[in-house]
Structure formats: C-alpha cells, structure tokens
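These notes are about the structure you will find just below.
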Amino acid sequence: MADQISNISTTQLFNYTLNLADNSLIMGHRLSEWTGHGPILEQDIAMSNIALDLVGQSRNFYQYAAQIKNKITPSGDGGKGTPSVDRGTTEDSLAYLRDADEFKNIILVELPNGDWGYTIAKLFFFSTWQFLLYQKLIPSSDAQLSAIAEKSLKEVTYHVRWSSEWMIRLGDGTDESHQRIQKAIDEIWNYTAELFLPSAFENACYENNIGVAVSEIKNDWTQKINDVLKEATLTSPAAVSSPLLAGKEGRHTSFLQEILDDMQYLQRTYPGCKW
Amino acid sequence: MQDETGLLETFDDKVAKEIKIEPRDWMPENYRKNLIRQISQHAHSEIVGMLPEGNWITRAPSLRRKATLIAKVQDEAGHGLYLYSAAETMGITREEMVDQLLTGKAKYSSIFNYPTLTWADIGAIGWLVDGAAIMNQVPLCRTSYGPYARAMIRVCKEESFHQRQGFEILLTLCRGSNEQKDMAQDALNRWWWPSLMMFGPNDDNSPHTAQSMKWKIKRFTNDELRQKFVDICTEQAKILGLTIPDPELKWNDEKKHYDFGEINWDEFWKVVNGDGPCNSERLAARVKAHEDGKWVREAASAYAEKRNRNN
C-alpha cells in the first residue's frame, strides 16, 4: 500500500497535469472557433494549426493524467470509499465529463476571442508563458511531463514567433489596428496576473522537483512581452495589484461553462457511447 | 510568329498527345474562361465547405475526433489555397475571385447549402460528399491544364483520407447504440440525394460537358461518374448496415450496375439558384469573415509597406 506522502504528491501531480492539459485544451478550443472565419486564408490555416497543436498537447497531458488517476483509484477494485469508475479514467472522460469547477485552467484561456487582435493578444501572452513554462519543465524529475514539455516546446516556439509577428504588424500597422490591439492588451492585461500566482498543486510539484515555480518565470515573461510591445509601438499597462483570479482552483467565469456546454454536449446527452 | 490557326493546331496537338498545357502556352480564350470558372468554383467550394463541418469542431464528441476535424477543415482551406493559385496562373487574381464569390456571381458546390444537424452529418459528409468529390476529382489529376492537374493530385490524396475518416465515423455510430444508428441513418437520408446532385445535371442537360471532354478537362461525363458513385456506395452502405433512401435502387444484372431513382431536379436547380436551406447563411458567413478581416489585412499591408520603405 502506498504511503501517505506519495499519495498526496500523486494527487498533486494529477492536478498539476490537469492544469497543463486544461490550459491547452481550452485555448485550443477557443482558437478553433476561428477555423473557417479568419481574415485571410493563410492566417485561417495558421490559426487552425495552432489550435491543433494545443489540442494535441492537451491529449498528451490528459492521457498521462488518466494514467495517474487510474493508479490512484484502480477501476473495479471495489475498495471502500473508492469512487465507482466504469471504464477507468480516459483522456475523454477528463475532457468531457468534468464540471466547470473541476477545470483547472487559467481564466485567460477561457475568455472569448473578440476580434482578431484580441485573440492574437491572448495567444501572445499565453504562448510566451507556455514557452517559458515548458522550457523549465523539461528538467522535471517526472519523465512523462518532461517528454511532453520537450515535444510541445517546438510547437510553442512557433506560436510565440507567429503571435509576436502579429502583435508587431497590428501595433505598427494602421491607426485602427494600433488602437484595436492596444485596447485588447489593456483589457486582457489583468488576467495575465494569474499566470504567475502559484496554486497549492504547483507549489507541491515544484517542491518535489516535478513542476515549475511560475513566479520564477515572471521576469523573463515581462521582458519578452515588453520587447515585443516596444517594437510594436504599443504600451504595457501598469502592473496588476491584487488579482482575484482562481481558475486553477476551479473558480471560473461563465465563459468556461459556455465552452463546456458546447464541447461536452454529445457525451452528456448520450452517456456511455463510443464516438 | 504563328497565326491563330497555327496556335490552335499546336494546342490541339498537345491536348491530343496528353502533353500538359502550361500557363505560358497559348490557349483558346474559351478554354481559359472555362477553366477559370471551373477551378474558381472548385476553390470556392472548398472554402464554403469549411463552414458546415467547422460548425461541429467545438462539439466534436472526443478529443481525437476534435483534432481530426480541425485538421480536416484546415486541409480544405489548404485545397482552396492551391486551387486559387492554380486559377491565378490563368490571369485572374484571388481578390477578383473572392469578390465574385462574395457578390454571388460565382457558384460553389450546392451541397454546402444543406445544414449539418447532427454529429452523424460529419460522417456522412466525409463518406458521401468527399466520396463524390473524389470521384469527380481523380480524373482531374490527368486534366489537360498542368497547374490544375498538379493541384488535384495533392487534393485527392487528402480527400481519400477524409473519406475514410467519414466512413469510420459512421461505422462507429452504426456499431453503437440504437440512437447512434438512427442518427447515422437520418444523416444518410438527408445527404444521399444532394450527394448524387454533386455530379451535376444529366449529360443531355450539361452545357459544358462536350467541350470539356474534347479539351480533356473532363474525362468522364456526369452520368458516368454518378453511376460509379452509386455502385460503390451501395456496397459500402451494406457494410454499415444502413438503407439508402431510394426505393428504386436495384442491381441490374444486364448492365452490371445499380439502377437508381430519378433525382429531384427541381430541388437541384432551386439550390443552385440560391434557394437552398443555407445559401444565404453560408454567403453571409463568408461576407462577415471578409469584412471583419478587412482591418487586419489593411494593417498587414501597411506594415509590409513600412518595412519595404525602410529596407
């Protein structure tokens, strides 16, 4: 029987992995709403491509989270207090059968797309953060997280480049695009504070050399954001004082519920079916 | 310098010898016009075709299905892109073609004016709509105009992958619960006839066919291809355990083909002429994307100009 300490860290590892998965899935889901509606064909393709990368990342993380979960609560062991699990946990049960308050994504990724500039700003902030996070996750003592981070980093490197180029193009394009992208930055800025607020599971994983201390990537993130904004002739908003954002703890905006209503609709309407 | 008769002879000779016509070659004006019409309609169909399926990306029932569907719709955007480029080699710009689409001057495949009501529709589109498209497009890989033929080779490879995916979606449903099987049957009921219409009017009613066959743009007539499609799909429907909604569908041992019922041509022409269930919705979605994207395209051009000035 597993001892108490490793049990606690397994639950934390599960939550940590879910957080990574949920961030990628919800962001990918949002970006996929652009498919077929982009401003020009080449960029429609690029945006869909990034959505696809993110959904792919989320699948890797969910599959790992399912493995962890099935170890914590093996299906069919009938032990007392063990939640009844029919087919065991899978990537799809995690994505399609959890309620909004069980999702651990940051609020930033659930925000609606707004116009092209708003989506680009969200993606630029998010990808830059994901890039730094994955870079620091590669040396993780957890071989699986390390491998997924390494694989995903290649994709995210492109997402950062692509979104940075768009930030610059919009910022230094026309008066209208400059105003639109600046407005997007100002509106989204407050939500970026949550990127660096560690949750209990992040702290626990960091202490066990599994996870990343998100507060430690804040300086590099700020530097990169400021460099790009400067080149884009845009202004960085003032720092956020005390953000009230707890997506990682499952406290979301109603936007997440709207996403899940759509996303989970078939799985919820026809329970237990294979698709 | 050859005169027009000489040029025409050279052109006809190349077509006869299966030598591809290339953008710089002389070609009859009607050949050019006909191809621009066909290639741009084809490109528009890919782009408008993104909408009915894109509609299910956010509701795809598993992560694997979601990823596959995003990739599929993205492939269609890619096909649109190669086809617009192929048409541009004939002296029309993408802007002109997009403008023709958005102002309703250009046609696109009518099939996309039908709604996608359930998840099974995504399977039915893959199996039937992509299946019909492949039937039309495989011969186009040998079409006489080089850039079009080459674009089609790439398109066909991806389309056959999509067709298998669609069939597999339906197969999963047909092996599932009764509700899932009903969903699959309902999708087949709604998509079967519109899919047969994708091959166009009957041969005696198809104004472009004879000339297109002569120029080796087309290799088979509409009715030949439609027959081939019916023969193949009827067998595939048996594997699925679904019933094709045509009481007249019957094997004809003499012809070695399936006989099938008459298409509702009244419906066909109504949808072609703009009165299908989703014509205005599809066009409105394209117009909206174009208008919403205007400031983005302007910003990109303005930025590119600034960069060029500074270099």
Side-chain angles (χ1 to χ4, degrees), chain A residues 25 28-49 51-52 55-56 58-59 62-63 90-92 94-96 115-117 120 165-166 168-178 180-181 232 259 262-267 269-270 272-275, chain B residues 43 46-71 73-78 80-81 84 94 98 118-119 169 172-173 175-177 179-180 183 285-286 288-290 292-307:
Chain A
L25 176 63
H29 182 99
R30 275 296 187 213
L31 298 185
S32 78
E33 292 173 7
W34 275 105
T35 304
H37 305 278
I40 194 159
L41 211 41
E42 287 83 346
Q43 303 305 328
D44 197 306
I45 293 172
M47 189 67 102
S48 305
N49 206 35
L52 200 54
V55 172
S58 81
R59 292 187 65 189
Y62 282 130
Q63 283 162 13
T90 64
E91 57 169 348
D92 286 330
L94 291 172
Y96 289 86
D115 66 11
W116 181 257
I120 291 290
E165 284 168 3
W166 267 108
I168 295 163
R169 219 174 266 142
L170 295 177
D172 197 18
T174 61
D175 287 345
E176 183 184 2
S177 68
H178 181 89
R180 281 182 184 252
I181 190 70
I259 290 174
D262 232 21
M263 189 169 86
Q264 299 181 336
Y265 135 79
L266 274 169
Q267 289 267 3
T269 313
Y270 304 96
C273 287
K274 279 195 174 158
W275 299 94
Chain B
E46 296 283 356
I47 302 309
V48 177
M50 295 170 76
L51 299 170
E53 288 177 282
N55 185 27
W56 278 87
I57 288 175
T58 59
R59 293 177 289 172
S62 73
L63 293 175
R64 181 169 77 93
R65 296 291 186 205
K66 191 185 196 70
T68 316
L69 188 56
I70 296 172
V73 179
Q74 189 197 22
D75 282 348
E76 284 158 9
L81 209 51
Y84 282 129
R94 202 207 298 184
V98 169
T118 72
W119 172 250
I169 287 176
T172 307
L173 294 176
R175 289 174 176 170
S177 69
E179 279 166 313
Q180 284 177 301
M183 206 186 267
R286 288 313 314 156
K288 184 176 188 302
H290 191 74
D292 288 352
K294 187 165 175 266
W295 71 273
V296 179
R297 295 189 299 274
E298 284 170 356
S301 319
Y303 178 73
E305 268 171 42
K306 280 185 204 176
R307 286 292 293 260

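Reckoned from all heavy atoms, side chains included, excluding hydrogens, waters and symmetry mates. In what follows, chains are A, B, ... by sequence order, proteins preceding strands, each numbered from 1.
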Please classify the contact between A:D262 and chain B as side chain, backbone, both or neither, with a heavy-atom cut-off of under 4.5 Å.
both
Sort out for me which of B:G293, B:A77, B:S62, B:A71 touches chain A most, counting heavy-atom pairs under 4.5 Å.
B:S62
Of all of A:N49, A:D44, A:L25, A:I120, which one pairs up most often with chain B through heavy atoms under 4.5 Å apart?
A:N49
When heavy-atom pairs shorter than 4.5 Å are enumerated against chain A, which of B:L81, B:L51, B:I57 gives the highest number?
B:L81
A:W116 and A:Q43 side chains, donor-acceptor separation under 3.5 Å:
no
Most contacts with chain A, counted as non-hydrogen pairs under 4.5 angstrom, among B:R307, B:E76, B:M183:
B:M183
Tell me which of these, B:A285, B:G54, B:G49, B:A60, has more heavy-atom pairs under 4.5 Å with chain A than the rest.
B:A60
Could you check whether any side-chain N or O of A:D92 sits under 3.5 Å from a backbone N or O of B:L63, counting only pairs where one atom can act as donor and the other as acceptor?
yes
Given that the side chain runs from C-beta out, which part of A:W166 has a heavy atom under 4.5 Å from chain B: side chain, backbone, both or neither?
side chain
Will you find, in the side chains of A:S32 and A:T35, an N or O donor that is under 3.5 Å from an N or O acceptor?
no
Option in A:R169, A:H37, A:R30, A:Q264 with maximal non-hydrogen atom pairs under 4.5 Å from chain B
A:R169
Quick one: list whatever passes salt bridge (charged side-chain N to carboxylate O under 4.0 Å, His left out) with A:R59, sequence neighbours left out.
A:E91
Best-contacting candidate, A:E176, A:H29, A:M263, A:M47, against chain B by heavy atom pairs under 4.5 angstrom
A:H29
So, does A:H178 use its side chain to make a donor-acceptor pair with the main chain of A:D172 at under 3.5 Å?
no
Residues A:E42 and B:R94 bridged, charged N to O under 4.0 Å
yes
Chain A interface, residue from B:E305, B:R297, B:R286, B:Q180 that has the most non-hydrogen pairs under 4.5 Å
B:Q180
Closest approach of B:G80 and B:I47, non-hydrogen atoms and distance?
CA-CD1, 3.9 Å
Would you mind reporting whether B:W56 and A:L266 have side-chain heavy atoms less than 4.5 Å apart?
yes
Top residue by heavy-atom pair count (under 4.5 Å) with chain B, among A:I259, A:D175, A:T174?
A:T174
